[in-house]
Amino acid sequence: MKNIRNFCIIAHIDHGKSTLADRLLDVTHTITDREKQAQVLDDMDLERERGITIKSHAIQMDYLRNGEKYVLNLIDTPGHVDFSYEVSRSIAACEGALLIVDATQGIQAQTISNLYLAIENDLEIIPVLNKIDLPNANPEDVKDQIVDLLGCDVDDILSASGKTGEGVPDILEAIVDRVPAPEGDKDAPLQALVFDSEFNSFRGIITYIRIMNGEIRKGDKVKFLNTDKEYQADEIGVLRLIQEPRKVLSTGDVGYIISGIKTSTEVKVGDTITQVENPCAAGIDGFEEVKPMVFAGVYPIDTEDYEDLRAAMEKLKLNDASLTFEPESSLALGFGFRCGFLGLLHMEIVQERLDREFDMNVITTVPNVSYVAHTQKGDEFEMHNPSDMPDPNALDYIEEPYIRAQIITKSEYIGPLMTLCMSKRGVMTNQQYLTSDRVELTYEMPLGEIVFDFYDKLKSISKGYASFDYFQIGFRPGKLVKLDILLNGEGVDALSTLIHFDNAQAFGRRMCEKLKELIPRQQFDIAIQGAIGAKIISRETVKAVRKDVTAKCYGGDITRKRKLLEKQKKGKKRMKQVGNVEVPQKAFLAVLKLD
Ligand code: GTP
């Protein structure tokens with residue numbers, strides 16, 4: 001145990017986490033040249049393309065110093081706020097963290113939010129200034145920022161380049177010297193922390209664990225405390241480049257367990273595994289059930305694909321426990337599913353996986369967050385869909401989820417950023433200068449307001465310089481109303497949104513304008529209206545046109561005529577019939593892109 005070091009790397013996106021991890025594997029000869037790929041840790045295609053580590057993994061390295069062998073377990077953490085609970089559990093499995101800061105960028109929002117998680121878990125922080133090879137690196141300034149942030153000594157900061165490999169040996173030395181060896185009692189009952197799991201189509205679920213106390217042996221009967229289920233540890237082992245089976249894992253070890261579990265829902269990140277014969281008294285602190293916060297309808301473009309979509313969703317769910325779905329139907333879109341996601345990135349990933357892995361083309365409706373409705377009678381229930389909105393007479397009040405957002409920006413953008421946050425109902429709770437021209441702003445605001453276009457706006461206002469991260473801080477009452485869109489008097493359920501009363505008027509107007517642009521003229525006038533309850537708040541009209549596509553054809557060229565008719569039919573497939581109005585699919589997403 002005294003020669004084990006468990007650590008993670010925390011960094012803002014693109015500050016060089018994966019590159020540096022690769023270097024560590026290189027220097028410790030964990031990967032041979034033949035095995036070397038651009039980024040070994042990111043093994044999902046999607047991840048590689050996006051350059052984001054979506055799923056955490058762990059990898060073990062051997063490090064020799066003065067003839068003494070050390071085992072270093074690097075636990076990878078996902079970089080995005082949608083997965084912050086997973087990050088927190090990976091961090092809980094470590095004793096130390098490399099805090100990577102890009103020498104050209106300085107401290108960014110995610111540097112800070114991840115650092116807080118690491119400090120909460122009492123990790124030893126090793127600050128590393130990365131990308132020092134770049135000509136525009138600003139090492140002295142960035143070191144000052146790190147000293148301010150951590151209160152450390154400037155000499156504690158290591159300098160490195162993941163690109164050239166400079167400084168990497170010093171990082172390994174610092175891990176051995178500074179990260180404490182795991183503590184825990186080898187003779188106590190087994191207590192293993194589940195920090196991640198992965199679905200494998202041949203082997204079922206592979207659960208990643210860190211042994212906090214006790215030992216686990218191959219063949220042991222084990223119990224997952226929070227799901228209260230028992231299994232046999234069919235295979236246990238450590239995570240090298242491939243899984244290497246072992247007979248026993250002991251206190252301080254990081255490894256995996258395969259126990260015949262078939263679906264990801266049975267394995268909850270943060271759960272504790274113990275022995276059935278000799279169970280531990282309590283689970284490891286910090287277990288939370290992750291709940292989806294963003295909901296949207298997902299519909300097949302072709303209604304006949306409904307069953308295929310269901311099969312695809314069930315498969316996705318096998319390895320993505322945080323995805324939820326239940327059948328729903330929409331007058332406009334037919335049969336589909338109401339899906340729950342951890343956040344917007346998660347939603348995008350699911351959509352992309354449906355497309356790539358299952359060849360399913362889907363329409364996603366306007367996402368909304370999870371609200372809590374309180375009725376006059378004193379009942380309360382969660383609303384995942386605008387159609388869940390109770391009758392206004394029966395409703396007492398609605399609560400919506402709030403976040404605390406950290407924004408780090410150059411001081412010249414403070415003004416416009418404040419205007420943006422205010423327009424999103426944000427309230428500033430703190431403003432702090434990190435250096436003379438960099439400021440950290442802290443805001444409390446409704447999660448629902450950042451679901452649409454907040455991030456894009458933040459980036460464009462600050463010319464890409466501002467960074468942003470957030471965490472949830474609970475529910476607060478809000479004056480929310482349901483805004484409906486009517487086409488020729490008929491409500492289009494898939495276009496309804498829940499929105500704050502103060503923004504409803506302007507939003508309704510822009511919706512109608514946008515739909516007017518997107519809905520093609522048809523053979524009659526189309527009235528587009530925005531309504532709250534019975535009250536119409538905005539209106540536009542698409543004027544009628546008589547459109548005869550064959551009129552253009554000369555002579556009696558029948559094949560040409562047929563071709564055109566075919567073409568028109570195809571075009572129609574991408575339309576949805578709402579009452580007597582044809583609505584193009586992109587109209588359902590229009591709300592996301594309102595200026
Ligand atoms: P995410 O996983 O997306 O959060 O990114 P990351 O932090 O893992 O960053 P990654 O390792 O993918 O590096 C981001 C970019 O910076 C890549 O284009 C790297 O090639 C480059 N990069 C990383 N380290 C260095 C370095 O030390 N010097 C230089 N010049 N470029 C680097």
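Counting convention: from 1, in listed order, for ligands and their atoms alike. We number each residue from 1, following the sequence as shown.
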- One finds that the ligand 1 atoms under 4.0 Å from a non-hydrogen atom of S18 are 2 (O), 6 (P), 8 (O), 11 (O)
- Item | Per-atom contacts of ligand 1 with S161, taking only distances under 4.0 Å to non-hydrogen atoms | 26 (C), 27 (O), 28 (N)
- For the residue pair C339 and M313, what are the closest heavy atoms and their distance? SG-CE, 2.9 Å
- Message: Assess, by modelled atom type and distance only, whether the side chains of N73 and N6 contain a donor and an acceptor separated by less than 3.5 Å.
- Response: yes
- Task: Check step by step if side-chain contact (heavy atoms from CB on, under 4.5 Å) holds for I257 and I206.
- Result: CA-CA 6 Å; I257 162 169; I206 303 164; over 6 Å; no
- One finds that the ligand 1 atoms under 4.0 Å from a non-hydrogen atom of I13 are 3 (O), 4 (O)
- Report yes if G162 has an N/O atom closer than 3.5 Å to an N/O atom of ligand 1; otherwise report no. yes
- Counting heavy atoms only, name the option from K131, H12, K163 that's nearest to atom 22 (N) of ligand 1. K131
- Task: State whether a side-chain donor-acceptor pair under 3.5 Å links E244 with Y256.
- Result: no
- Task: Run the salt-bridge test on R203 and E235 with the 4.0 Å N-O cut-off and return the result as yes or no.
- Result: yes
- Would you say the side chain of I75 lies within less than 4.5 Å of the side chain of F7, judging by non-hydrogen atoms? no
- Message: Measuring from atom 30 (N) of ligand 1, which candidate in T164, D133, N136 has the nearest non-hydrogen atom?
- Response: D133
- Query: Any N or O on L134 sitting closer than 3.5 Å to an N or O of ligand 1?
  - Reply: no
- Message: Does this structure show an ion pair linking E183 with K2, if we count only N-O contacts that are shorter than 4.0 Å?
- Response: no
- In ligand 1, the atoms that come under 4.0 Å of a heavy atom of K17 are 6 (P), 7 (O), 8 (O), 9 (O), 11 (O)
- Classify the contact between N130 and ligand 1 as side chain, backbone, both or neither, using a heavy-atom distance cut-off of under 4.0 Å. side chain
